[in-house]
Structure formats: structure tokens, C-alpha cells
Asks: 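Input: one structure, supplied below.
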Amino acid sequence: MTPAQRSNLWPVTALGYHAWRARSLRLISGHPLTLEREAALFLGLARPAPGETWLDAGTSTGFYAGVLARAGAHVIATDVSPAMLAQARRREPSPLIDWAAFDIQDTGLPDGALDGVTVGATLNELTDPPGGLRELQRLLRPGGRLWLMYVTRTGGEVQGLLERLGGTTFPDPDDVEGVLDGCQPVHTVRYGEVCLQLFVRKQEV
């Protein structure tokens, strides 16, 4: 595990994570990107529907899992941190959410099993972002949706320090699109360094 990943295992990190998550995108992007605005963008563009099955990959304290459950979707919400999952269960007690501890880079789930996948900032903490993206793409049925929120590469000194010391990664949106060759990019919304993207799994020929 990278230092960034290990820090998520600490109970104190999990305890304060939601408060940080609620403010972090405004600080990083320089725009008024609140959790409410993020949820509205996701719901308006990805349109999760009642009865669908979604994976919230790297759920942390359950933000996207809760948004999906309130839309009526069944959610598999996963994280490698037991402390994060404990906080998430307390924050989002919906019976539509199944909490699970496994690595999203090797889920063990069958091909085409999901109507959708959400990834909220976890892409920045993967040791192998291309491999993780390919694994999540594999899980989507034709027409399934993949929603990504991540901080993009700027080449700045702070990002370089976080990469060297924390193992944090900062993907380029063009590289993300190149990896997801089985998906069609549908929407890309940028707020400074913060990128939100929607992909749809291509129909099989």
C-alpha cells in the first residue's frame, strides 16, 4: 500500500473524512463545488434508476452509495479500509446498500454484472490506475455507465510532492479516455483541477 492508502486505514482519518470531502473540492478547484452540486451533476448526467445495480468503488464514508440508494438503486459499496466502511454504515444505513471490503483493482465480480460504477476520487489513490479502470470497465454491461471524479494532473510542485511522498496519482483525462477503449465518453465537466466524467459501455458487435 502507498502512504496515502495506508492513511485511510486509520480510524481518525475515517472519522474526519466526510467533513474534509465536503470542503475539499471547493479548496482544490477554486469553484463552489459542494457535495450537493456534485450529487446533482451525477444524478442529472448518469441517471441511476430504481432497481439497477451499481458499484461504488472506493466508497470511503459512503457519499455516492447514499446518493445511489436514495435514487432507488441497489449498491455494492466497497473500500479496503474497515474504518471507512464503519463510518459509511453509520452515515448511510439504507438496506439497498451492501458493504464489502475488497480491492477495486481485482474485484472478482463477473463480466457485465453492473448497470453502473461510481468512483469518487479513489482513482487518485490507485497504485495502477489503468488496471483499475480496465477492471471497472469489465464489470459494466453494454450501455452501463461509469462515473469518475478525480483531480487531474497539473505538473505543479504540490502534486509532485504528493506523488513522491504519498503515492498519489493525478490522471490526465485524455489518458483516461485512452484506457477506457470499450466505453464512449459522454460528458466531461471541469472545475479547475477537478474533473467529472461519464462514460457509457459500448454495445457489443
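Every heavy atom of this structure was used, including side-chain atoms; hydrogens, water molecules and symmetry mates were not.
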Asks: For the residue pair Q184 and Q203, establish whether any side-chain heavy-atom pair is separated by less than 4.5 Å.
Replies: no
Asks: Please enumerate all residues that pass side-chain hydrogen bond (donor to acceptor under 3.5 Å, both in side chains) together with T118, with sequence neighbours excluded.
Replies: D56
Asks: Closest heavy-atom contact between I97 and A69?
Replies: CG1-CB, 3.8 Å
Asks: I'd like to know if Y150 and L55 are part of one continuous hydrophobic network [Ile/Leu/Val/Met/Phe/Trp/Tyr, side-chain heavy atoms within less than 4.5 Å].
Replies: yes
Asks: Which value, rounded to the nearest 0.5 Å, describes the distance between R37 atom CZ and R26 atom CZ?
Replies: 13.5 Å
Asks: Considering non-hydrogen atoms only, spot the tightest contact between A57 and L136 and give its length.
Replies: CB-CD2, 4.2 Å
Asks: Could you go step by step and tell me if E38 and V67 meet the side-chain contact (heavy atoms from CB on, under 4.5 Å) rule?
Replies: CA-CA 10 Å; E38 186 179 347; V67 173; over 6 Å; no
Asks: Determine, step by step, whether R190 and T152 satisfy the side-chain contact (heavy atoms from CB on, under 4.5 Å) criterion, reporting the C-alpha distance in whole Å, the side-chain angles of both residues, the deciding distance to 0.1 Å, and the verdict.
Replies: CA-CA 9 Å; R190 298 286 294 269; T152 62; 3.4 Å; yes
Asks: Does some side-chain heavy atom of I104 sit less than 4.5 Å from a side-chain heavy atom of L126?
Replies: yes
Asks: Heavy atoms, side chains only, cut-off 4.5 Å: are P82 and L9 in contact?
Replies: yes
Asks: Is there side-chain contact between E125 and N8, with heavy atoms separated by less than 4.5 Å?
Replies: yes
Asks: Return the CH2 to CD1 distance between W99 and I76, rounded to the nearest 0.5 Å.
Replies: 12.5 Å
Asks: Between R145 and D115, is a salt bridge (Lys or Arg N to Asp or Glu O under 4.0 Å) present by the stated rule, with each step listed?
Replies: CA-CA 6 Å; R145 288 91 79 205; D115 296 293; 5.3 Å; no
Asks: Flag the pair C195 / T188 as yes when at least one side-chain heavy-atom distance between them is below 4.5 Å, and no otherwise.
Replies: yes
Asks: T127: which residues meet the side-chain hydrogen bond (donor to acceptor under 3.5 Å, both in side chains) condition with it, sequence neighbours left out?
Replies: Q105
Asks: So with a 6.0 Å cut-off around CZ of R6, is the heavy-atom count from everything else above 12?
Replies: yes
Asks: Look up atom CG in D103 and atom CG in D128, then write down how far apart they are to the nearest 0.5 Å.
Replies: 10.0 Å
Asks: Specify the closest pair of heavy atoms between C183 and P185, including all atoms of both residues, with the distance to one decimal.
Replies: O-CD, 3.7 Å
Asks: Return the minimal non-hydrogen interatomic distance between V176 and Q197, and the atom names on each side.
Replies: CG1-OE1, 3.8 Å
Asks: I'd like to know if V117 and L45 are part of one continuous hydrophobic network [Ile/Leu/Val/Met/Phe/Trp/Tyr, side-chain heavy atoms within less than 4.5 Å].
Replies: no
Asks: Would the distance check show the side chain of R201 and the main-chain N or O of Q137 forming a donor-acceptor pair, the cut-off being under 3.5 Å?
Replies: yes
Asks: To the nearest 0.5 Å, how far apart are CH2 in W20 and OG1 in T13?
Replies: 12.5 Å
Asks: Should L140 and L109 be counted in the same cluster of Ile, Leu, Val, Met, Phe, Trp and Tyr side chains packed under 4.5 Å apart?
Replies: yes
Asks: Could you tell me the separation between the OG1 atom of T78 and the CG atom of D98, rounded to the nearest 0.5 Å?
Replies: 11.5 Å
Asks: From E135 CD over to D106 CG, what is the distance, rounded to the nearest 0.5 angstrom?
Replies: 6.0 Å
Asks: Transitively linked via ILVMFWY side-chain contacts under 4.5 Å: L43 with L33?
Replies: yes
Asks: List the steps, then state whether side-chain contact (heavy atoms from CB on, under 4.5 Å) holds for T61 with R21.
Replies: CA-CA 9 Å; T61 51; R21 181 73 168 81; 5.6 Å; no
Asks: Taking ring pair (Phe, Tyr, Trp, His ring centres under 6.0 Å) as the test, write out the residues that go with H31, two or more places apart.
Replies: Y191
Asks: Does the side chain of N124 reach to within under 4.5 Å of the side chain of P171, using non-hydrogen atoms?
Replies: yes
Asks: Side-chain heavy atoms nearer than 4.5 Å, only ILVMFWY residues, links allowed to pass through others: does that put L139 and V179 together?
Replies: yes
Asks: Which heavy-atom pair separates L85 from A101 by the least distance, and what is that distance?
Replies: CD1-CB, 3.8 Å
Asks: Could you name each residue pair satisfying ring pair (Phe, Tyr, Trp, His ring centres under 6.0 Å) that touches residues 33-57, not counting sequence neighbours?
Replies: F42-W54, F42-Y64, F42-W147
Asks: In the structure I gave you, are the side-chain heavy atoms of L133 and L123 within less than 4.5 Å of one another anywhere?
Replies: yes
Asks: Considering residues at least two apart in sequence or located in another chain, which fulfil the ring pair (Phe, Tyr, Trp, His ring centres under 6.0 Å) criterion with F170?
Replies: none
Asks: Going by heavy atoms in the side chains, are V194 and M149 under 4.5 Å from each other?
Replies: yes
Asks: Can you pull the side chain to side chain donor-acceptor pair (under 3.5 Å) pairs that have at least one residue in residues 169-179, sequence neighbours excluded?
Replies: none
Asks: Tell me the closest heavy-atom pair linking A88 and S60, and the distance in Å.
Replies: CB-O, 3.5 Å
Asks: Give the C-alpha distance, both sets of side-chain angles, the deciding distance and a yes or no for side-chain contact (heavy atoms from CB on, under 4.5 Å) between T107 and R138.
Replies: CA-CA 10 Å; T107 65; R138 179 185 70 79; 3.6 Å; yes
Asks: I'd like to know if the side chain of T59 and the backbone of A77 have a donor-acceptor N/O pair within less than 3.5 Å.
Replies: no
